Amino acid sequence: MTGSADDSDRGTSRGVDGALRRALDTDALLDDPGTRIVVCCGSGGVGKTTTAAALGLRAAERGRRAVVITVDPARRLAQSMGLESLDNTPRPVPLPDGARGSMHAMMLDMKRTFDEVVREHADPERARQILANPFYQTLSTSFSGTQEYMAMEKLGQLRQSGEWDLIVVDTPPSRSALDFLDAPKRLGRFLDGRLIRFLSTPASTGAFRLLGAGFNLMTSAIGKIVGAQFLDDLRSFVSAFDTVFGGFQERAERTYRLLRAPGTAFVVVAVPDTDAMREASFFVERLATDAMPLAGLVVNRAHPLPDGAASGLSRDLALSAADALDRAGDRPLAAAALRLHAERVRTRERETLLRDRMLSGHPRVRVTEVAALPEDVHDLDGLRRIGAALADAGQGRTAE
Amino acid sequence: MSEREHPPPRPGQACAGARLHIVTGKGGTGKTTVAAALATALAADGARVLLVEVEGRQGVATLLDEAPLRYEERELVSVPGGGRVFVLAADAEAALLEYLEMFYGMRRAGQALNRLGAVDFATTIAPGLRDVLLTGKATEAVRRRRGGRGRPSGAPSTGPFHYDAVVMDAPPTGRIAQFLNVNSEVAGLARVGPIRNHADKVMEVIRSAQTRVHFVTVLEEMPAQECRDGVAEMAALGIEVGMVVVNMVRSPLLGEADLAAAVDGGPDVEDLAAGLKAAGLADAGPLAEDLAEEVRAHALRVALERRVRARLSDLGHPLVELPLVEGGVGRAALDGLARHLTSQGVSR
């Protein structure tokens, strides 16, 4: 994969502290037929969905058969792609004539995905029992982790179908970017764990005795808190689900392994603020720990200075010139333009500092950025511009 | 502070009479900063205010440059006039153990449940339990009287409240309706029983006139859209919305005429070049071309911000504005932001 080629010097540049920074060349990543899955992750509000859609569109227009999975219930991806609604099935996104590839987009419906898995793994009678069970209904609609679990499942399905040669995944909005990796395992552990066995075992059997003296306390606590009906529902769920679970868990693990395989690339998305950069650092560290392939970091909503004469005009010089004009009092437009420029230079300095601080801890991470747009993206053209900006910055075609 | 084209309806009423202030906003809009500034503003007249953080991000500690906070109500800010702000980093696991002990005297059972994985389940996996524990902790602080700790037996039911106001740095707008709609959230797990009763009690406080949900946004389309969606969701749940805080407002650097000109066809480059030359800058011509582009982008942004602000004020809730703080918010900036809130009429 190109994303991991360490010897390329293309697009490297120096940050303010002089450290050599490496560029994330998104076109090389998307053009590489070896790239099969791109996972966009990061904290909430950083533009993950938009980045995923822009990468999917860019890939499609450069010849890939791309599908974008979004898990975001706000349906923002749908809006930006001009689709009225997305459902659990990939829908074609109409591309202009001349596009070399194709693009599909879908929004994850976790309940429907879960139901499909149950139907696939259980005989019709058992499936009917599970689907009607109140505990299952809660599990499949509102357990924390189900969304991440089902996103993995869907990713596995699409990968297996072979209909697409590139899958771009937008991760669920959660408290932490790490949830995408951790939540499925946590839920799997619960479904397969001691607690659910304990709760679903009738009181007369051996499991209770094994727990020893604390058991009276516990049964009384649980009984008081959740009530008997819940325990009944849980018991019938466990007895029906047991036969399904093994196959299900195995699939989830297979998909998790897919995330480590060559062909998968993680793109960490952030914006130039302290919180988002810190979250991005956590995620980068975690990917390294888990030996998962990081393609690079996308910094959205950056404020690069344009090339040209103004790029050499420092903040101090701009401000002192503006002060001089203010004293003369007859050039308000030029004075305002100079103050505006000084503000931009300061914003840029702060962004560069934040980014370089993060990268000094992770010197091998490749970066690209997208300038903040005057207006939000709501159509394919907007996405296309973002895709182009990502590629350009990654190939060193902007200032700095 | 920029001028306001659509004067909002009386910001003072957004908070008056409320004791639980729930602050939400899209990620990145500065919700933690606004929650801390609001807590400081509400403490202005010598009040005791509790700021509760529920997302486990230690955002308040970072903001105040403190070491990560533990599960305890700790006084962290003193406000001129004798006001005090306490901060609690609420954590679902500690809240669960406290709840079991407070209501059932079951600390040991809690420890046993922990070994079994039940606490992990209740606080990270089960829908709504985590949320009801956290909102429950905040509403307990709202109801608490001086001299009692909310324990149903033994707590005085009259007398002054322990806190004059509680401010919650709540989950982001995308999850706020689910977070606050606790009794429907736990319904899947507990139709009857103590959890359900607890959830009902929490919901009663959240739906009462003493609770307001404040939305934080910036003047960009998506956060503002989420804010409008969130306001509609609160209406559907019967939860009262307080104010809309427009955060990180930049003051316009250009006059109206220049803004208008910059939007249609760009600013007057010759005028700009002459000005730059007058200021003694080299390369005035090419520099003017570049700066004209910056001015045009700025003017477009200002125009967009005005459209966004107009649509926000159409919501009919008071708009309160806070300026962008350059270089990040710390304790000093927090006082400044609190004063901005006070000067716009925010008080208890």
Side-chain angles (χ1 to χ4, degrees), chain A residues 43-46 73-74 76 134 137-138 141-145 173 175 186-187 190 193-195 198 214 217-218 220-222 224-227 229-230 271 273-276 306 308-310 313 317 321-322 324-325 328 331-341 343-344 346 350 374-376, chain B residues 26-28 55-56 59 100 104 106 108-109 112-113 116-118 121 124-128 172 174 185 188-195 220-222 226 253-255 258 267-268 271-272 274-276 278-281 283 286-287 289-295 297-298 300-301 304 326-328:
Chain A
S43 52
V46 297
R76 282 173 258 160
Q137 286 168 1
T138 308
T141 54
S142 44
F143 266 41
S144 142
R175 272 189 304 149
R186 211 157 50 209
L187 185 62
F190 161 69
R194 279 204 291 169
L195 177 66
F198 172 77
L217 269 174
M218 263 184 282
S220 104
I222 292 166
K224 271 186 184 167
I225 294 168
V226 297
Q229 180 63 46
F230 171 79
V271 291
D273 75 33
T274 322
D275 285 351
L313 178 57
L317 187 53
L325 288 176
R331 296 286 179 188
L333 176 62
L338 286 164
R339 289 194 193 284
L340 193 61
H341 179 74
E343 195 179 286
R344 286 195 60 166
R346 181 159 59 167
R350 203 166 47 234
E375 306 209 31
D376 286 341
Chain B
K26 184 172 158 61
E55 288 276 271
L100 287 175
Y104 303 106
M106 293 197 304
R108 277 191 54 220
L113 287 170
L116 198 59
F121 168 72
T124 62
I125 298 171
E185 264 202 292
L189 280 181
R191 278 176 205 81
V192 290
I195 287 203
E220 289 169 19
E221 288 175 341
M222 267 188 195
E226 285 200 11
L253 288 162
L254 290 177
D258 286 332
D268 184 342
D271 180 32
L272 197 52
L276 296 174
L281 292 168
D283 280 340
L287 193 56
E289 296 283 344
D290 275 12
L291 292 191
E293 206 36 60
E294 293 184 17
V295 168
H298 172 74
L300 284 173
R301 192 181 156 82
L304 172 78
E326 292 290 348

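Values in this document were obtained by computation on a predicted structure and should not be read as measured data. Within every chain, numbering begins at 1; the chains are lettered A, B, ... in the order of the sequence lines, protein sequences first and strands thereafter.
Among B:Ala274, B:Gly59, B:Gly280, the residue with the largest count of heavy-atom pairs under 4.5 Å with chain A is B:Ala274. Per-residue counts of heavy-atom pairs under 4.5 Å with chain A were compared for B:Leu254, B:Leu281, B:Leu276; the largest is that of B:Leu281. Per-residue heavy-atom pair counts under 4.5 Å with chain B were compared for A:Ala334, A:Ala336, A:Ala310, and the maximum is reached by A:Ala310.
With a 4.5 angstrom heavy-atom cutoff, B:Pro172 does not touch chain A via any of its atoms. For B:Asp258, the part sitting under 4.5 Å from any heavy atom of chain A is the side chain, from C-beta outward, and nothing else. Interface remark: B:Leu287 contributes backbone and side-chain atoms alike to the contact with chain A (heavy atom separation under 4.5 Å). Residue B:Ala292: no heavy atom, backbone or side chain, is found under 4.5 Å from chain A. In this structure, chain B has no heavy atom under 4.5 Å from any part of A:Ala324. In this structure, chain B has heavy atoms under 4.5 Å from both the backbone and the side chain of A:Leu333. In this structure, chain B has no heavy atom under 4.5 Å from any part of A:Ala276. For A:Glu343, the part lying near chain B is the side chain, with the backbone staying farther off; criterion is any non-hydrogen pair under 4.5 Å.
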- [ ] Evaluate side-chain contact (heavy atoms from CB on, under 4.5 Å) for A:Arg331 paired with B:Asp271, printing each intermediate quantity in order.
- [x] CA-CA 8 Å; A:Arg331 296 286 179 188; B:Asp271 180 32; 3.0 Å; yes
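Within the 4.5 Å cutoff, the side chain of B:Leu291 has no heavy atoms near those of the A:Leu340 side chain. Put simply, the side chain of B:Asp290 does not reach to within 4.5 Å of the side chain of A:Leu313, judged on heavy atoms.
A:Ala337 and B:Leu272 get closest at one heavy-atom pair: CB-CD1, 3.6 Å.
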